[in-house]
Amino acid sequence: MGDVKGFLKIGRKPTPKRTIEERVQDYRYVYEPMPDEELKGQASRCMDCGVPFCNTGCPLGNLIPDWNDLVYREHWEQAIDRLHQTNNFPEFTGMLCPAPCEAACVLAINDKPVTIKEIELSIINRAFEEGWVVARRTPPERRTGKRVAIVGSGPAGLAAAQQLNWAGHTAVVLEKDDKIGGLLRYGIPDYKIEKWVVDRRTAIMEEEGVEFRTNAHVGENPTTGELESEFDAVVLAVGALQGRDLDVPGRELGGIHLAMDYLVQQNRRVAGLPTDAEVEISASGKNVVILGGGDTSADCLGNSHREGCASVKVLTHGPRPPETPDDLTWPDWPFILHTYPAHEEGGERGFSVAVMGFSGTDGHVEKMHAVETERTQDGQTVPKEGTDFEIETDLVLLAIGFTGPVRGRLLEEMNLGYTDRGAIHSENGHGTREARVFVAGDARLGADLIVTAIAEGRKAARQADEFLMGQSLLPG
Amino acid sequence: MTPGAGLYDPMYEHDACGLGFVARLDGRRTRETVEEGLQVLHNLEHRGTTGSDPETGDGAGILTQIPDGFFRKECKELGIELPGAGSYGVGMLFETGEDDDLDCGDRLAEICAEEGHELLGFRDVPVAPDAVGKVARSVMPRIRQFFIGHRGGDGAAFERKLYVIRRRLHRTVEDSHGCYVVSLSSRTVIYKGLLKGRQLSRFYPDLGDAAFASALALVHERFSTNTLGSWDLAHPYRYIAHNGEVNTIRGNINWMRARESRLRSELFGEDLGKLSPVILPGQSDSAAFDNALELLHLAGRSLPHAVAMMVPEAWENDELMDPERRAFYQYHSALMEPWDGPAAVAFTDGRVVGATLDRNGLRPARYSVTKDGRVIMASEDGALRVPAEDVIERWRLRPGKMLVVDTERHELLHDEDVKKPLFGRRPYRDWLDEGEIHLNELPEPGADPRPEPATLLQRQRAFGYTIEDQRILLAPMAQNGKEPDGSMGTDTPLAVLSERPQLLFSYFKQHFAQVTNPPIDPLREELVMSLKMSLGPEQNLFDETKKHCRRVLIDQPVLTAVELEKIRALGDERASSTTLSTLFPVSAGEEGMEEALGRLCEKAESAVKGGSAVLVLSDRGVNEIQAPIPSLLATASVHHHLVRAGIRTATTLVVETAEAREIHHFALLVGYGATAVNPYLAFETIEELAESHLMEGVGPEEAAKNYVKAVGKGLLKVISKMGISTLFSYLGAQIFEAVGLSEGLIDKHFTGTASRVGGVGTDALAREVLERHRSAFAAAEDNAEELEVGGEYQLRAQGQYHQWNQLSIPPLQRAVKTGNFETFKEFSRHFDEHSERFATLRGLFGFEENPIPIDEVEPAREIVKRFTTGAMSLGSISKETHETLAVAMNRIGGKSNTGEGGEDPRRFTPDENGDNRRSAIKQVASGRFGVTAEYLVNADQLQIKMAQGSKPGEGGQLPGGKISEYIAKIRYSTPGVGLISPPPHHDIYSIEDLAQLIHDLKNANPRARVSVKLVAEVGVGTVAAGVAKAKADHITISGHDGGTGASPLSSIKHAGLPWELGIAEAQQVLVENGLRGRVILQTDGQLKTGRDVIVAALLGAEDFAFSTAPLVATGCIMMRVCHLNTCPVGIATQDPELRKLFTGTPEHVINYFFFVAEEVREYMASMGFRSFEEMIGRADKLRMREAIEHWKAGGVDLSAILHRVEAPEGEAIHHSETQDHGLEKALDNELIERCGPALDSGEEVYFEQPITNTKRTVGGMLSGEIARRYGNEGLPDGTVRIDFHGVAGQSFGAWLARGLTFTLEGTTNDYVGKGLSGGRLAAFPSRLAGYSAERNVVVGNVALYGATAGEAYFRGFAGERFAVRSSGAHAVVEGVGDHCCEYMTGGVVVVLGETGRNFAAGMSGGVAFVLDEAGRFETLCNKDMVGLEPVESEDDLELLRGMVERHLEWTGSERAQHVLDDWDEILPRFVKVMPHDLKRVLQERQEAELEVVS
């Protein structure tokens, strides 16, 4: 291992970012690369633990201590090999993952964790720069002749498709949108992941032999029947995009939207594509209220700044989380106040707020009526009497979670059942009631992390491969 | 016990003892000699022992010349007419057969007739059965003598014939023990039995007969580990009495058997065929040794010659050895492997009597020569009381040396006298020069690369290589030339329970030495170690020809591919080779492998018959359709097939394999018969790695060299931990236990290997091979061209399962912080469910249920008193952690353990708040760090650490970085200088030595229980029985998986067994022997949950030690970096900054133990036990779980573990009585009384005191009394002076406290001044002695071991290992044996004369001054860690002169007087021995001071 005393000599250095002034002017990537020397120092902080909680805390089981050491020793090519062993798309996770590995890092017990995510991203960036990431085509003699449909082209679907293709099957990805990528494409803003990053990866997959079909509304085109007859197995990776809504007076007013509707439009606009929307949603010049405290809310916040909103408030139902985790939490993901770059860029954050309703004129929202909340002893969050207040607003974005996959014709016809969280019912891992239908990612779990989605795709691929071949040598 | 029912196997019995002989140089046969022999026996009685019956000894016996007058008289009365003296043979017969058909007499008569000699008649030997104990009586045989008349031929021929007759009798009697011929010779007769020494002459009235006379008497008193004693097992055997152990016995027996078919003897002629098997099965190692020696001797070699062949000196690395001597040994190494182990062997043929010592001098052997021509040799000086003025020579056997008394030629022959004639017997050197060729001398082979069809990656995968193998094992070996260390034990599943395919190697666990024989330190005592091997066929063992040494020599067993090609290319009769492929077709499936093995053995047999001197078993050529048989299976299978076919020694096995890479792999291959191994894939992998990130700055060639070096070092460690010095004798010695292999597989391919829990057969092994093969050749096009990650050493999500993981550590830590029992259950459920699935043997157990209400069960606060924390030293863990554990355990009434690092005396007084930071258990380990009298008296339990689970048979190490000022002060060492504890306790080379140490400790602190910590391995039950007989109060059986601060990885993984096997075996053997009630049994080794405690208790444990789990409770997150001092949670570190991060509290620890106790209660309630005690040893309440789904675990059979020995009526199955230590007999009681005024009020006391060798540990109890009252400060100097005279026993002046002065006019035995704690010792020969003091021995071996302070003056020579591990004594001596100042860390030693070899090995502190008059010292000193300097500085001059002056003052030494008289002239010949480390630290300190000043 590199420097056994690295962590005693070097402190954690956060990933450099472009200045707020600069970055809110555009949609380019927020972070800047760390100089190699510094990165090496950061990698040397890794303690090569006997029980690497990062490795087990990562849903993909990324071999983090291994590649930290390789980076420390500047063996970048081996580092990407080691990284690719467990992760099909390190550039996606390197940019987007909230890094449960860092929360689980042993240094997080009494110091600050290793900058694992930054190191991961540097490895893959370097690999692309050096031309080490190339298509790996399966030789024709290893082709099995089996065809697998992967429904959905988000990270879960893409991972499943790549794995199945490598196992020798013909993998066909069916995407309802006009471009491949799912949430990566139209859900997540460019300042977090620029879309050429997605295109770069899908191009490689295409070269490897993965077939992509866009504008394919499975259930309609192809029909469920066509899907079944054309393919030997199906992997459903349709995500969990059904946004949770509010049922309060005034909800029907204009200017109140589900966050995802706003994000998709804005992503299309940034990409120079028509939104094709009945109602254009824009934060420009508006007094924006964003409800909800998660990633989606932060994405709305970042976009609002970049569109030039007049003001923006991010309001959450629950109380303000603590700044630091308690000592019983580690190595789990801590319940603390997470501050993303979007929060640094401005706006107000409010906590313990319950929405009572909206009011406005001309069918458009002008005010939000709210009340402060408090926690009861049994952990319920309830309105606190006599604390009613109003907020003036002309754009309200609901980022209060998702209720599962959008239930279209395909799911109705397949009739696989749903979980309590509204996700597709699965059995024995990634199987379903239908022997040849498998399910992966948010579609199976409900909304979750991108890293989980990739892990899900890999595991579902292995299970599908086992179903098709009797055994599987795919990892997962 | 029914063989096979439980875990006990008599094969693992050990013995050790006292032995001696008395002989007359004038050859006169006298009564006195016999009586003197018996007296020696009497005075060595403390070296033997008794079992549960105090009147039944473990065995004693005497061998004398045939007392012709006596027999003539007796036979006359019986009407037997004896021919002339020397013309008849006397047989001594034990008959135990109850079967009427079995009449030994009839058989004898028939055989004698057939052999052409006459059976003259029988004599019932008169015996007095009431002279022996009831156990001995109950198994007493009928004892008869018979007489055979000599018809023709010379005396030697007659002896051979008597031998043939005896062997034939054994062969015709199915159970040879039913008709056991103790001796049959025309020269010697043996009287022996299951007796104590002093019972012998009462039992056999013959011995007291006035006509019973001899010129020599060889006697032996036995201490066996077991009391299931037998009359045959007493010594002497026909030619020897033996004190020690043959560690390589399994291999020696196999090889002797393998040689049989090639034996030819003109002397024996046709009779040779009647002798098979030449070594009878099922006997003790000493008996087997005797068999082999007898054979060699009767086939024509003199006894000394045969003994020198079997127990050669350490010639291999001794450049100083006389070339002739070296040639002799080198030549004979081609004939036979050494019978290796610690040994003092006394031998006789009735004419000569002699003794030899093993190559490392691990047993004591002292001798005296008297004015009237008697030679007395014994384990202790003083065994025969001879007035000092009658002694003209008082000396000792030195390592590897021999002493012979020839009673016919009236000669006393010292080593050179005996051996010189042997060296000149043949032109050995010329023969060697002609016949031997060294590998390096062979020409480079023509380029003949063996192409491999598959890629490197494919082959690596096919043989199960992982990234971890590369990263953690191979790269460090290839980079640094040594095996890497790890820490915190192992928590992965046993191979048989692992769901991941395992290499066959992993199913085997290394055996190691504990108690009955010492492990060796292969680094510090390198001079006795050797890895040399040779290739080529053996010749007839009885001959000596030029052809015998035609062979190819190799320095060590790892061959590169080029070296193997060289051997293949040689092709003459030394190495004509056949290469046999060990591949099998994948298409043949799992059954295909067994078939292929059969074919392989057949081919091997025909190749050897066709003249192949070398068989290369090769797994080259693995491809898509061919998979490899595991190399170990192929090797062992062929080896045993050839042994069975009787042609094994006609060839040499070489293994060319991709599989072997770890040290353990090579050890196994050699252990099962491979002389050399070419690990070609390991080399290829290293070559690849040399260009990668894992190795920097090392080119491929150097990397390969380093790797070979690392394997060599590792092999030395593996063999030395078994106490074996030469790899040659390890070859085929099978010193392993299999865990998880089926009986069929073992019997067929690993014949004779211990394997007690059944397991998988060849089909499962084949399945594992095929799984690896598939992943190599049918792999999906993966997204990374890499190997699997592994995860054996460090957890990886996709790798091997570890019990301590992300799911178990957090809930435990949360539970102890919150006090939430439900959270704890989450933790224990994880283990219990996983252990059930795939981790430990205990997971396979279920319980018989019989529920009772839980409130009827003993409360938790009582149960926790049975808990202790494990031995973790202050040094390995931080002060904060160490004290947290101590406080917690003291609060709950449990015990904490100091570990091997001393203890701060401030902790002996409770804190103001009532907390007590004193560790109740004080460990006494081989390093003896801080073991003072004060330390000992501040203990409730004194634990002798014989072995530790993570690295049994090895010493500890504490890196310099962890030795802070504070740690150094407590350990009496120098800050920043790394510390080593020796692999053996240098005062425990055998079981009777352990008894002595127990006695020493008990004397120092009679109130403390003495505990002995052992590690589970096959035979640990018999060792435990021996330990109980050695009077331990408490025995710990540790599992193999326990934690550690730093251990070599292969030790962590591959040595020792799970405690389930160990504790069950200990319980079974102790109960069977009626010894269980005397001891408390404890177990440890990854105990975590209540369920673990329950299983251990049902198997027999009553105390439980926990280490890892309490550490995790205080914050440990299993970093496994204890050896690096970088523990990020402040536990296993001495870094002041990191220590601040420690957040553990006593409450956390207490919560943990109460949780465990509560769980224990729940299980007890479910099983119907109200008290803990009633649960102990109730293995009948355990059963094997049904429906174990695991595909490999199905074959595991736990019935041997579950076997419950029915305790004899009234015998306990748990602790119920106290040991009788016999302390009331100690001389110290009297000394304490007479020293009363000094103890009470500091008054000065002086008196004189006679002493004998049977008074042991004199001064120990007195010192304990002083330490108890006055601490380490003791009394003012000069308060007590006692002048002793006589021959003192062992451990004279042990732990001697400050304020005590003991002088001894006379001599002493071993361990004088052990643990010296500030007192003063002086020993000098009697003024009347008939010899010069400076040329004779005054103190025995291992003087001043572990001394921490005090002075010692010895006028005369000391034995081996003078001042070993001394950390403070100031000593002067006039000559020393080998290994003086070994591991010394402090104090001053002055040697005013000769030294032995290996002076200052491992010496890291203190200084020595040696008067080197012969100018040879530089060659004798081990300069690895020290430098030699002139004595120049003022300080040194003052120190040296002062010590010499005091030596003169206290001993009246002429030598000292001479040195002082000629001081200026002599001074330049003094050499100062200065440790490099100490010098560096002193320099650094000086520089630091200068910096401060400037």
Side-chain angles (χ1 to χ4, degrees), chain A residues 1 4-5 7-8 47-53 55-58 60-63 65-66 69-70 72-75 78-88 104 106-107 109-111 136-139 142 162-163 165-168 208 327-332 465 471-476, chain B residues 467-468 471-472 486-488 491 692-694 696 774-775 778-789 791 793-799 802 804-810 813-815 817-818 823 1115-1122 1124-1130 1135 1137-1138 1140-1143:
Chain A
M1 202 61 209
V4 293
K5 294 198 169 164
F7 73 102
L8 293 171
M47 302 189 292
D48 192 23
C49 303
V51 179
F53 288 85
N55 163 249
T56 54
C58 171
L60 280 166
N62 275 346
L63 298 165
D66 293 67
D69 184 40
L70 289 162
Y72 170 70
R73 293 167 187 269
E74 300 178 79
H75 287 271
Q78 272 165 306
I80 188 59
D81 279 352
R82 196 68 47 89
L83 179 50
H84 267 153
Q85 260 203 36
T86 57
N87 189 351
N88 299 61
V106 170
L107 269 180
I109 297 174
N110 49 32
D111 192 347
R136 304 173 65 86
R137 303 179 65 95
T138 309
R142 290 245 169 96
Q162 188 167 44
Q163 295 293 106
N165 178 53
W166 278 331
E208 286 171 343
D327 68 347
L328 296 177
T329 305
W330 181 87
D332 295 341
D465 185 33
Q471 58 188 29
S472 177
L473 288 165
L474 287 175
Chain B
I467 288 174
E468 212 176 27
R471 191 171 79 102
I472 295 194
S487 55
M488 294 307 285
D491 57 350
S692 82
H693 68 288
L694 292 170
E696 279 150 9
R774 187 157 62 87
S775 89
E781 192 64 25
D782 210 327
N783 52 346
E785 287 240 330
E786 291 221 309
L787 295 171
E788 279 194 32
V789 66
Y793 300 98
Q794 288 175 315
L795 181 146
R796 288 292 183 270
Q798 41 282 92
H802 286 254
W804 288 109
N805 62 20
Q806 75 284 0
L807 299 175
S808 58
I809 295 170
Q813 295 184 339
R814 286 169 193 160
K817 282 178 189 161
T818 59
T823 313
C1116 166
I1117 27 78
M1118 297 298 284
M1119 285 295 295
R1120 298 182 190 270
V1121 292
C1122 315
L1124 302 176
N1125 200 26
T1126 58
C1127 177
V1129 289
D1135 181 321
E1137 288 308 308
L1138 290 171
K1140 287 183 196 155
L1141 301 173
F1142 178 70
T1143 57

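Labels below follow one simple rule: chain letters A, B, ... track the order of the sequence lines, proteins then strands, and each chain is numbered from 1. None of these values were measured; they are calculated from a predicted model. We use all heavy atoms of the structure for the numbers below, so side chains are in, but hydrogens, waters and symmetry mates are not.
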Participant: Testing the basics here: between B:Arg814 and A:Pro331, what is the closest heavy-atom pair and its distance to 0.1 Å?
Facilitator: NH2-CD, 3.8 Å

Participant: If you take all heavy atoms of B:Arg796 and A:Leu63, which pair is closest and at what distance?
Facilitator: CD-CD2, 3.6 Å

Participant: Of the non-hydrogen atoms in A:Leu473 and B:Ser775, which two are nearest, and what is the gap between them?
Facilitator: CD2-CA, 4.1 Å

Participant: I need the minimum non-hydrogen distance between A:Cys49 and B:Met1119, along with the two atoms involved.
Facilitator: SG-SD, 3.2 Å

Participant: If every non-hydrogen atom of B:Pro810 is compared with every non-hydrogen atom of A:Trp330, which pair is closest and at what distance?
Facilitator: CB-O, 4.3 Å

Participant: Side chain, backbone, both or neither: which part of A:Leu107 has a heavy atom under 4.5 Å from chain B?
Facilitator: neither

Participant: Between atom CG of A:Asp66 and atom CZ of B:Arg471, what is the distance when rounded to the nearest 0.5 Å?
Facilitator: 5.0 Å

Participant: Is there a donor-acceptor pair under 3.5 Å between the side chain of B:Gln806 and the backbone N or O of A:Gly57?
Facilitator: no

Participant: Return the option, out of B:Arg1120, B:Met1118, B:Met488, with the maximum number of heavy-atom pairs under 4.5 Å with chain A.
Facilitator: B:Met1118

Participant: B:Thr1143 versus chain A, heavy atoms under 4.5 Å apart: side chain, backbone, both or neither?
Facilitator: neither

Participant: Ignoring hydrogens, what is the shortest heavy-atom contact between B:Thr1126 and A:Phe7? Give both atom names and the distance.
Facilitator: O-CZ, 3.4 Å

Participant: Going by side-chain contact (heavy atoms from CB on, under 4.5 Å), A:Val51 matches just one of B:Ile1117, B:Asp491, B:Leu795. Which one?
Facilitator: B:Leu795

Participant: Among A:Ile109, A:Asp332, A:Leu83, which has the most heavy-atom pairs under 4.5 Å with chain B?
Facilitator: A:Asp332

Participant: Please check this pair: side chain of A:Gln85 against backbone of B:Glu788, looking for a donor-acceptor N/O pair closer than 3.5 Å.
Facilitator: no

Participant: Which atoms of A:Asp111 come close to chain B, meaning under 4.5 Å heavy atom to heavy atom: side chain ones, backbone ones, both, or neither?
Facilitator: neither

Participant: Apply the test salt bridge (Lys or Arg N to Asp or Glu O under 4.0 Å) to residues B:Asp1135 and A:Lys5: give CA-CA distance (whole Å), side-chain angles for both, the deciding distance (0.1 Å), then the verdict.
Facilitator: CA-CA 11 Å; B:Asp1135 181 321; A:Lys5 294 198 169 164; 5.7 Å; no

Participant: What part of A:Asn165 gets closer than 4.5 Å to chain B, counting heavy atoms only: side chain, backbone, both or neither?
Facilitator: neither

Participant: Please look at B:Leu1138 and chain A and tell me whether the side chain, the backbone, both or neither of the residue comes under 4.5 angstrom of a heavy atom of that chain.
Facilitator: side chain

Participant: Do you know which of A:Asp327, A:Leu60, A:Thr329 has the most heavy-atom pairs under 4.5 Å to chain B?
Facilitator: A:Asp327

Participant: Any chance you could measure B:Gln798, atom CD, to A:Asn55, atom CG, to the nearest 0.5 Å?
Facilitator: 5.5 Å

Participant: About how many Å separate CG of B:Asn1125 and CG of A:Leu8, when rounded to the nearest 0.5 Å?
Facilitator: 9.5 Å

Participant: What's the spacing between B:Ile809 CD1 and A:Phe53 CZ if we round to 0.5 Å?
Facilitator: 4.0 Å

Participant: Can you tell me how far NE2 of B:His802 sits from OG1 of A:Thr56, rounded to the nearest 0.5 angstrom?
Facilitator: 11.5 Å

Participant: Looking at side-chain heavy atoms only, is the closest gap between A:Met47 and B:Val1121 below 4.5 Å?
Facilitator: no

Participant: Checking heavy atoms, do the side chain of A:Glu74, its backbone, both or neither come under 4.5 Å from chain B?
Facilitator: neither

Participant: Do side-chain atoms of A:Asp81 reach the backbone of B:Glu786 as a donor and acceptor pair under 3.5 angstrom?
Facilitator: no

Participant: Could you tell me the separation between the CG atom of A:Leu328 and the NZ atom of B:Lys817, rounded to the nearest 0.5 Å?
Facilitator: 6.0 Å

Participant: Report the option among A:Ala104, A:Cys58, A:Gly61 that has the most heavy-atom pairs separated by less than 4.5 Å from atoms of chain B.
Facilitator: A:Gly61

Participant: Using side chain to side chain contact (heavy atoms under 4.5 Å, CB included), reason through A:Asn110 and B:Val1129 one step at a time and then give a plain yes or no.
Facilitator: CA-CA 8 Å; A:Asn110 49 32; B:Val1129 289; 4.3 Å; yes

Participant: Do the side chains of A:Arg82 and B:Val789 get nearer than 4.5 Å, heavy atoms only?
Facilitator: no

